[in-house]
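Encoded as structure tokens, the structure appears first; notes follow it.
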Amino acid sequence: PTQNDFEAQIARTILQIRIMECKGVLIITQKYCEPYDYYYSVLKKALDDEGIPSLKIELDGSLDQNLHESELGAFTSMLEASSFITMFSA
């Protein structure tokens with residue numbers, strides 16, 4: 001990503017999330033990748049402002065497949081619970 005087009009890029013991303021009716025966003029980046037770390041901070045704020053849940057996973061080259069399993073499980077559970085609450089809150 002480039003710093004001079006964040007607003008337009010994020011607006012397009014938010015629009016696509018809304019069109020696709022996503023329950024949440026999983027963001028996967030390479031650890032210590034500064035451009036994407038900066039972009040994530042801007043994107044995360046926009047997602048929070050829009051009420052869209054997100055989870056960031058940083059890959060560090062580890063071959064441990066279970067490294068992020070608990071984070072993903074908790075995020076999935078949260079999305080499922082919020083969907084249940086939304087569907088039956090009327």
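Hydrogens, waters and symmetry mates play no part in the numbers below; they use all other heavy atoms, side chains included. Bear in mind that the values here come from a model prediction, so they are computed numbers and not experimental data.
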At their closest point, which heavy atom of Ser54 faces which heavy atom of Tyr40, and how far apart are they?
OG-OH, 4.4 Å

Is Asp49 salt-bridged to Lys44, going by a charged N under 4.0 Å from an acidic O?
no

Are the side chains of Cys22 and Ile52 in contact, using a 4.5 Å heavy-atom criterion?
no

Restricting to side chain to side chain contact (heavy atoms under 4.5 Å, CB included), what partner residues turn up for Thr13, sequence neighbours left out?
Ile17, Tyr39, Leu43

Please determine whether a side-chain nitrogen of the Lys or Arg among Lys23 and Glu80 lies less than 4.0 Å from a carboxylate oxygen of the Asp or Glu.
no

If hydrophobic residues (ILVMFWY) are linked whenever their side-chain heavy atoms come closer than 4.5 Å, directly or via other members, who joins Met20 in its cluster?
none

Is the backbone N or O of Gln30 less than 3.5 Å from a side-chain atom of Glu58, with the two atoms forming a donor-acceptor pair by type?
no

Under the side-chain contact (heavy atoms from CB on, under 4.5 Å) criterion, do Thr29 and Lys56 qualify, and how do the steps go?
CA-CA 7 Å; Thr29 64; Lys56 178 183 179 187; 3.4 Å; yes

All side chain to side chain contact (heavy atoms under 4.5 Å, CB included) counterparts of Leu26, not counting sequence neighbours
Ile28, Leu55, Ile57, Leu72

Check whether any side-chain heavy atom of Ile10 lies under 4.5 Å from a side-chain heavy atom of Leu47, and answer yes or no.
no

